[in-house]
Amino acid sequence: MNVTSVDFTMDTLPVRQSSTVSIGRIKPELYKQKSVDSEEGAKEPVETCGKLSFALSYDYEEQALVVRILKALDLPAKDFTGTSDPYVKIYLLPERKKKFQTRVHRKTLNPTFDETFRFPVEYSELCNRKLHFSVFDFDRFTSHDMIGEVVVDNLFELSDLSREAVVWKDILAATTESVDLGEIMYSLCYLPTAGRMTLTVIKCRNLKAMDITGYSDPYVKVSLICDGRRLKKRKTTTKKNTLNPVYNEAIIFDIPPENVEQVSLSITVMDYDRVGHNEVIGVCRAGPDAEGLGRDHWNEMLAYPRKPITHWHALCEWPGRASSFESQGSCPSPKPPQTP
């Protein structure tokens with residue numbers, strides 16, 4: 001088993017060698033110390049990818065925050081033609097189920113949107129809310145590329161919103177931290193003689209809040225995939241009002257040894273909604289065709305049969321191509337295990 005070792009090496013001051021040194025000679029390098037203030041202040045510059053202009057105001061009669069997305073400038077080119085097909089998604093955090101989206105503007109790096117959206121919210125609640133703009137490049141055939149984002153932490157930054165205030169903000173490039181969706185811990189165990197795989201969903205932590213309460217109602221859906229088509233699916237129970245659910249629930253699939261290299265697992269953390277449709281919080285994948293830890297976890301399971309192998313996995317954004325996992329049909333089902 002490959003175990004990652006932690007490197008505890010620390011930078012140390014130069015050590016004086018026990019060699020003959022002429023008396024009175026000063027070595028300035030021995031007295032140099034790193035400034036604590038300079039270390040804290042020397043942060044890596046945040047990459048920007050254009051600017052976004054929008055206007056904010058409050059409608060007291062309808063009790064709604066009015067957001068008018070005006071335009072974007074100097075967006076990066078995401079297509080091989082040297083242009084992009086940008087659009088903007090907007091959330092009023094911490095609620096993520098209520099979102100709006102502009103129209104897609106074709107082949108431009110300087111789109112003019114001029115679209116208005118209304119978020120029903122009491123004026124007294126605005127101090128606890130944040131506006132989140134996500135700028136995307138539309139792609140007809142693959143998942144849409146996220147260009148960057150703008151987060152307005154203080155809605156009263158420029159005015160009391162009694163009159164429309166126009167704002168220009170830098171679009172910050174999306175980072176791993178900015179799209180952090182949480183993590184899931186699960187174990188994989190394979191019994192070759194029985195042709196049985198057990199995935200035990202143990203727990204999740206730091207999930208993205210999907211409800212206005214700042215929590216989610218998460219459950220986990222596991223699908224057995226072959227050639228991009230879902231053969232079977234199972235799911236856990238739903239845990240209410242939590243971002244750190246604990247499950248300890250086992251999900252079993254029958255996979256004969258001759259089919260184990262042909263299949264993979266799609267693990268999706270969902271947010272249950274009693275009224276609307278359930279939302280995807282994040283996904284990860286395990287299998288021979290997975291990337292990174294998903295492939296390593298799978299190979300480790302096969303290398304140590306009959307032993308549960310446990311890892312934390314970071315959740316990724318749903319690629320938006322549900323059809324590839326939801327379609328049924330042409331993939332042959334795994335062969336039944338041979339009877340001795």
Geometric class of the Tyr87/Phe136 ring pair [parallel <30°, tilted 30-60°, perpendicular >60°]
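If you compare the ring of Phe136 with that of Tyr87, the planes turn out parallel.
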
request  = Give me the ring orientation class for Tyr186 and His313: parallel if the planes are under 30° apart, tilted from 30 to 60°, perpendicular past 60°.
outcome  =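 Rings of Tyr186 and His313: parallel, under 30°.
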
So do [Y] and [X] actually touch side chain to side chain, heavy atoms under 4.5 Å?
| X | Y | answer |
| --- | --- | --- |
| Phe133 | Leu52 | yes |
| Val121 | Leu92 | yes |
| Pro245 | Leu207 | yes |
| Val152 | Val167 | no |
| Met270 | Pro218 | no |

Exercise for review: Report the C-alpha separation of Thr237 and Glu249 in whole Å, then their side-chain angles, then the decisive distance to 0.1 Å, and conclude whether the side-chain hydrogen bond (donor to acceptor under 3.5 Å, both in side chains) test is met.
Suggested key: CA-CA 8 Å; Thr237 57; Glu249 299 181 34; 2.5 Å; yes

To check you understand the geometry: which heavy-atom pair defines the closest contact between [X] and [Y], and what is its length?
| X | Y | value |
| --- | --- | --- |
| Tyr247 | Cys204 | CE1-SG, 4.1 Å |
| Thr310 | Met185 | CG2-CG, 3.6 Å |
| Ser264 | Asp289 | CB-OD1, 3.5 Å |
| Tyr190 | Ile255 | OH-O, 2.6 Å |

Between Asp59 and Arg118, is there a side-chain N and carboxylate O pair less than 4.0 Å apart?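 Answer for the salt bridge query: yes.
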
Using a strict threshold of under 4.0 Å (side-chain N to carboxylate O), is an ion pair present between Asp85 and Lys107?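 Looking at Asp85 together with Lys107, the answer is no, because their closest N to O distance does not fall below 4.0 Å.
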
hydrophobic_cluster_shared for [Y] and [X], side chain cutoff 4.5 Å:
| X | Y | answer |
| --- | --- | --- |
| Phe117 | Tyr123 | yes |
| Leu265 | Val260 | yes |
| Phe100 | Val66 | no |
| Ile202 | Ile267 | no |

From [X] atom [atom1] to [Y] atom [atom2], the distance as rounded to the nearest 0.5 Å:
| X | Y | atom1 | atom2 | value |
| --- | --- | --- | --- | --- |
| Lys232 | Ile225 | NZ | CD1 | 13.0 Å |
| Leu131 | Leu56 | CG | CG | 6.0 Å |
| Ile281 | Ser216 | CD1 | OG | 4.0 Å |
| Leu73 | Asp170 | CG | CG | 11.0 Å |
| Glu115 | Arg103 | CD | CZ | 4.0 Å |
| Met301 | Asp296 | CE | CG | 12.5 Å |

Stepwise side-chain hydrogen bond (donor to acceptor under 3.5 Å, both in side chains) test for Ser162 and Asp160:
CA-CA 6 Å; Ser162 58; Asp160 61 358; 2.7 Å; yes

**OP:** Answer yes or no: are there more than 12 heavy-atom neighbours, outside Glu164 itself, under 6.0 Å from its atom CD?
**Re:**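 Correct, the count exceeds 12.
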
Could you tell me whether Arg234 atom CZ has more than 12 heavy atoms of other residues or ligands within 6.0 Å of it?
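Enclosed.
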
Counting N and O atoms only, with roles assigned by atom type, does the side chain of [X] sit under 3.5 Å from a partner on the main chain of [Y], one being a donor and the other an acceptor?
| X | Y | answer |
| --- | --- | --- |
| His132 | Val150 | no |
| Thr48 | Gly50 | no |
| Arg285 | Ala290 | no |

When you compare the side chains of Asn278 and Tyr219, does any donor N or O come within less than 3.5 Å of an acceptor on the partner?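 Judged by distance alone, the side chains do pair up.
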
Problem set entry | Modelled atom types, side-chain donor and acceptor of Thr108 and Asn110, under 3.5 Å |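 Short answer, no.
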
